[in-house]
Amino acid sequence: MKEAREACAAAKKQLGGGIDPSVQKKVIARAWENTFEAIAREWHENKKSAWTERYAEDMLERIASNIFPYLGNRPISEITPPELLSVLRKIEARGAFYQANRLRESCSLVFRYAIATGRAERDTAADLRGALKSHVTTSRAAITEPEEVGGLLRAIDGYTGHFVTKCGLQLLALTFLRPREVRLGEWSEIDLDEKLWRIPAKRMKMRLDHLVPLSTQACAILEELRELTGRGRLMFPGLRAKEQPISDATFIAALRRMGFEKDEMCAHGFRSMASTILNEQGYPADAIEKQLAHNPRNKIRGIYNRAEYLPERRKMMQDWADYLETLRNS
């Protein structure tokens with residue numbers, strides 16, 4: 001009631017000054033519609049159906065945390081390149097050079113959406129190309145020497161932590177999958193009779209269905225894992241919440257617990273390990289790239305040929321599993 005009385009008093013004051021409160025509200029609403037935050041949220045709402053839920057959440061969170069506090073309330077058409085650069089420099093100051101460049105690209109998409117919807121005339125972020133420090137990419141830490149690979153596999157076999165985590169690490173080595181693709185796996189995707197793991201496009205980085213041939217060794221691990229988690233939907237449920245998968249830090253934490261440092265081996269490193277060794281052994285590069293689920297050069301062809309190189313990949317995956325078994329036992 002107090003707030004209502006205060007609002008009523010404010011409205012009377014505006015009327016006394018010759019201002020119509022209803023008109024004033026419309027002016028404020030129109031002004032908000034042209035701010036960077038309003039347009040960014042509108043752009044995000046229009047685009048998010050094409051993204052995974054997690055990617056959409058991360059995208060909005062990055063912009064909301066780093067850009068909105070400084071430019072959110074500014075009319076987008078009035079934001080200048082130095083203004084935006086000043087905000088991005090704050091991110092650079094934290095050493096987050098990659099994030100600063102990604103945010104510049106995201107802001108550019110927002111500005112371009114504002115141009116398309118008639119609320120801006122130029123892409124301010126485009127003027128900042130080359131103004132930010134470059135992010136130096138480094139290769140993901142991976143063990144690729146056969147003797148060291150054998151030691152890694154023996155360490156995994158002897159892992160005394162959660163059995164589900166151990167199975168996940170073994171499958172990372174055998175399948176070349178990204179850690180996220182493994183830990184979010186569902187039992188409905190597994191066909192042990194056909195020795196195939198069918199991963200739907202919504203869970204793949206490249207947004208294409210992915211067929212993963214399973215070696216005899218991989219099937220044996222899945223059979224054992226199914227005894228423990230097969231009654232649920234998830235292959236790798238968390239310890240506390242069975243309807244939630246293990247966290248994205250689980251595999252990394254297990255590797256550290258086994259004594260592998262961050263500059264020595266990471267969860268993504270199993271992909272580099274397989275790619276390096278199989279290329280050295282002369283397996284077809286196209287089959288290796290297909291197994292890694294890298295973006296096909298011809299995207300349309302990739303959509304209609306999700307089983308491309310499947311016979312070659314079946315043989316390669318069994319050869320790879322046998323090779324790893326030899327290294328483990330050497």
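From a predicted model like this one, the values you see are computed outputs, not experimental measurements. Reckoned from all heavy atoms, side chains included, excluding hydrogens, waters and symmetry mates.
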Determine the minimum heavy-atom distance between [X] and [Y], stating which atoms define it.
{"X": "Gln217", "Y": "Ala321", "answer": "OE1-CB, 3.3 Å"}
{"X": "Phe176", "Y": "Ala274", "answer": "CE1-CB, 3.5 Å"}
{"X": "Leu214", "Y": "Cys219", "answer": "CB-SG, 3.8 Å"}
{"X": "Leu84", "Y": "Cys107", "answer": "CD1-SG, 4.1 Å"}
{"X": "Arg183", "Y": "Ser247", "answer": "CD-O, 3.7 Å"}
{"X": "Ala100", "Y": "Leu88", "answer": "O-CD2, 3.8 Å"}

Do [X] and [Y] touch side chain to side chain, with heavy atoms closer than 4.5 Å?
{"X": "Val164", "Y": "Thr250", "result": "no"}
{"X": "Leu324", "Y": "Val149", "result": "yes"}
{"X": "Pro179", "Y": "Asp248", "result": "no"}
{"X": "Lys195", "Y": "Arg314", "result": "yes"}
{"X": "Lys90", "Y": "Tyr70", "result": "yes"}
{"X": "Leu152", "Y": "Met273", "result": "yes"}
{"X": "Asn73", "Y": "Trp32", "result": "yes"}
{"X": "Glu325", "Y": "Thr216", "result": "no"}

Are the side chain of [X] and the backbone N or O of [Y] linked by a donor-acceptor pair below 3.5 Å?
{"X": "Ser65", "Y": "Glu61", "value": "yes"}
{"X": "Trp43", "Y": "Ala114", "value": "no"}
{"X": "Arg74", "Y": "Glu78", "value": "yes"}
{"X": "Thr124", "Y": "Ile79", "value": "yes"}
{"X": "Arg203", "Y": "Glu181", "value": "yes"}
{"X": "Ser106", "Y": "Arg102", "value": "yes"}
{"X": "Arg198", "Y": "Leu211", "value": "no"}

(message) Do Leu239 and Leu228 land in one hydrophobic cluster if side-chain heavy atoms of ILVMFWY residues count as linked below 4.5 Å?
(response)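 Each belongs to a different hydrophobic cluster.
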
(request) Indicate if Leu292 and Phe251 have the same hydrophobic cluster label, given that clusters are the connected sets of ILVMFWY residues with side-chain heavy-atom separations under 4.5 angstrom. (result)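 Yes.
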
Which value, rounded to the nearest 0.5 Å, describes the distance between [X] atom [atom1] and [Y] atom [atom2]?
{"X": "Glu92", "Y": "Arg94", "atom1": "CD", "atom2": "CZ", "answer": "10.5 Å"}
{"X": "Ile199", "Y": "Asp209", "atom1": "CD1", "atom2": "CG", "answer": "10.0 Å"}
{"X": "Glu189", "Y": "Leu196", "atom1": "CD", "atom2": "CG", "answer": "12.0 Å"}
{"X": "Ser108", "Y": "Arg129", "atom1": "OG", "atom2": "CZ", "answer": "6.0 Å"}
{"X": "Asp286", "Y": "Gln291", "atom1": "CG", "atom2": "CD", "answer": "13.0 Å"}
{"X": "Leu222", "Y": "Trp197", "atom1": "CG", "atom2": "CH2", "answer": "6.5 Å"}

Applying ring-ring contact (aromatic ring centres under 6.0 Å, His included), name anything that partners [X], two or more places apart in sequence or on another chain.
{"X": "Phe270", "result": "none"}
{"X": "Phe111", "result": "Phe36"}
{"X": "His268", "result": "none"}

(request) Taking salt bridge (charged side-chain N to carboxylate O under 4.0 Å, His left out) as the test, write out the residues that go with Glu148, two or more places apart. (result)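 Counting only residues at least two positions away or on another chain, Glu148 forms no salt bridge (charged side-chain N to carboxylate O under 4.0 Å, His left out).
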
(request) Name all pairs fulfilling the side-chain hydrogen bond (donor to acceptor under 3.5 Å, both in side chains) condition that reach into residues 229-238, sequence neighbours left out, sorted by first residue then second. (result) Glu186-Arg233, Trp187-Thr229

Mind jotting down which residue pairs meet the salt bridge (Lys or Arg N to Asp or Glu O under 4.0 Å) criterion with at least one end in [range]? Sequence neighbours excluded, please.
{"range": "residues 253-265", "value": "none"}
{"range": "residues 210-225", "value": "Glu223-Arg226"}
{"range": "residues 113-125", "value": "Glu42-Arg119, Arg122-Asp127"}
{"range": "residues 157-166", "value": "Asp157-Arg328"}

(message) Is it the case that over 12 heavy atoms from other parts of the model lie below 6.0 angstrom from the NZ atom of Lys242?
(response)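 Counting neighbours around NZ of Lys242, more than 12 heavy atoms of other residues, nucleotides or ligands fall under 6.0 Å, so yes.
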
[X]: which residues meet the side chain to side chain donor-acceptor pair (under 3.5 Å) condition with it, sequence neighbours left out?
{"X": "Gln244", "answer": "none"}
{"X": "Glu243", "answer": "none"}
{"X": "Ser272", "answer": "none"}

(request) Report the C-alpha separation of Lys290 and Glu312 in whole Å, then their side-chain angles, then the decisive distance to 0.1 Å, and conclude whether the salt bridge (charged side-chain N to carboxylate O under 4.0 Å, His left out) test is met. (result) CA-CA 10 Å; Lys290 188 68 178 177; Glu312 295 92 335; over 6 Å; no

(request) Inspect the contact between Arg41 and Glu37 and indicate whether a charged nitrogen and a carboxylate oxygen are less than 4.0 angstrom apart. (result) yes

